[in-house]
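Quantities reported herein were computed from a predicted structural model and do not represent experimental measurements. Numbers restart at 1 for each chain; the letters A, B, ... are given by sequence-line order, proteins then strands.
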2 protein chains.
Amino acid sequence: MVPAPSDATRTRLLEVAGPLFAARGFRDTGIKEICAAARCNVASVNYHFGSKLGFYGAVLAHAHQRAFVGSTMPVPAAGADPQQTLATWLRWWIGSMLHPDRPTWVQTLLAKEIVDPTPALDAMVERSIRPMHGRLTTMVKRILPPRTKPAKLRDAVNSIIGQVLIYKHASAVLERLGAMPEESAAGLDRLIDHVVTFTLGGLAALAKPSSPTTRRRSAR
Amino acid sequence: MVPAPSDATRTRLLEVAGPLFAARGFRDTGIKEICAAARCNVASVNYHFGSKLGFYGAVLAHAHQRAFVGSTMPVPAAGADPQQTLATWLRWWIGSMLHPDRPTWVQTLLAKEIVDPTPALDAMVERSIRPMHGRLTTMVKRILPPRTKPAKLRDAVNSIIGQVLIYKHASAVLERLGAMPEESAAGLDRLIDHVVTFTLGGLAALAKPSSPTTRRRSAR
DNA sequence: TCCGAATTCAAATGAAGGTTTGAAATGCAC
DNA sequence: GTGCATTTCAAACCTTCATTTGAATTCGGA
């Protein structure tokens, strides 16, 4: 009943579909297109996975395993400087998202799903995103003062994530504005340096008791 | 030939379609649905606008006019403190994007288009986005040291934009993570305070000669 | 009121895309 | 090699959706 996991075309489909879905999204990638790339019949997808949506879910699960092949999430050395730990992790994370020499289609797939969710989103959040988010939150918490409110911590983490995701989500516009960083290893390095500096500076500002400049009522 | 601009159904379509496109995107919003909401025949769209895409472009143009009704972009008082100017502008911008009591569908429409561009993107960039981006860049430039490299300025601006856009682009995931700010005027105020503080702190860090923590080669 | 142009409408058209079908081919156990 | 289950395939199917069509209706001016 359950198909043996030793299927040639089955795995071929899983391998081939990831980059295609990443390039054009779930809705705009056709079964025909995928099957042409995998050199198999259109019925194969439904035979092996039941439906296009089921197939997509399988692709995401399959992608999750080889998500960060070649580079594993750095484990924080216990007792290390929190800021340094965060900086190291950011280097790894941004690199895995944007490095021009590495297949970033898995992250692109995640980014597409984040913006335009399908029913497969829930599984993906629990499997891929929540662990990352938790790790990042822990690291930021170590940098902010002990009694920082959860809301403040949450906002800080979002500010970090947002700084990176924009390059995945808004690239079409950034390119038109001439605001996309150079697509080279050196350019990526400079971008990472920037994000690390900006982030640590932002966190330092949050740590101070502080009051934002020009506090006013929000508009309306 | 060119239809007189005094058409009842024509304007009714333009009025009704914005929120619908904002809710589900261009591809997933059907002509039928729109025409049902506007109480007119499906052929009306093609009659008045030529095609669905032409209609969409008209909707975007129409939306641009009433984009920020009720609140106009604050004009920087010449000679004012640059940081205060930026803070004020950020309050206005974020408020116009996220204020729960205000129709934010125009901004949602922009956000959708940013992530999933249609041929209408180019016009939208020139009309709506580039002016904002230019204004923001100018303000940031005044805060950073005089001889700051263009790339650094560009990255700083992106970091600011990214902090805000994440709430438009990734809300589905943030909700699942419990990381979405409270949807109230007070919650928005706190969020704005956070972004202002984080941003000014980040910019201050960029201003210092500086070197980021744990400088390493990027992975691979 | 009458005429012509503009507009509205229900129905048809045609393309695209996911899914189903039934037969052919393949692989594997005996 | 025979037989059975699995897998592949081409073709048909079915739904959705934008677009077109041609008739009916409305509107404005003479």
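- Distance from the side chain of A/Cys40 is smallest for D/dC9 among the nucleotides D/dT8, D/dC9, C/dT7.
- At the phosphate of D/dT8, OP1 or OP2 sits under 4.0 Å from a side-chain N or O atom of A/Thr9.
- When the C1' atom of D/dG22 is taken as reference, atom OH of B/Tyr47 falls 14 Å away, rounded to whole Å.
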*Mind running side-chain contact (heavy atoms from CB on, under 4.5 Å) on B/Met97 and B/Thr104 for me, showing each step along the way?*
CA-CA 6 Å; B/Met97 294 274 279; B/Thr104 57; over 6 Å; no
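- Note: A/Phe55 and A/Phe21 have tilted aromatic rings, judged against thresholds of 30 and 60 degrees for the angle between ring planes.
- Atom CZ of B/Arg142 sits in a sparse spot, with 12 or fewer heavy atoms from other residues, nucleotides or ligands closer than 6.0 Å.
- Regarding contacts with the backbone of D/dT8, a side-chain N or O of A/His48 is found under 4.0 angstrom from either OP1 or OP2.
- By the 30° and 60° cut-offs, the orientation of the rings of A/His169 relative to B/His169 is perpendicular.
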*Could you write nucleotides 14-21 of chain D as a row of B, S and -, 5' to 3', where a protein heavy atom under 4.0 Å of any base atom gives B, of only sugar-phosphate atoms gives S, and otherwise -?*
----SBBB
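- Rounded to whole Å, atom P of C/dT7 lies 11 Å from atom CZ of B/Phe49.
- For the pair B/Arg10 CZ and C/dT8 C1', the interatomic distance rounds to 16 Å; values are reported in whole Å.
- Under the 30°/60° scheme for interplanar angles, the aromatic rings of B/His194 and B/Phe198 are found to be tilted.
- In this entry the distance linking CG of B/Leu13 with C1' of C/dC9 reads 14 Å, nearest Å.
- A salt bridge links B/Asp193 and B/Arg91; the closest N-O separation between the charged side-chain nitrogens and carboxylate oxygens is under 4.0 Å.
- Protein atom CZ of A/Phe21 is 13 Å distant from nucleotide atom P of C/dG17, rounded to whole Å.
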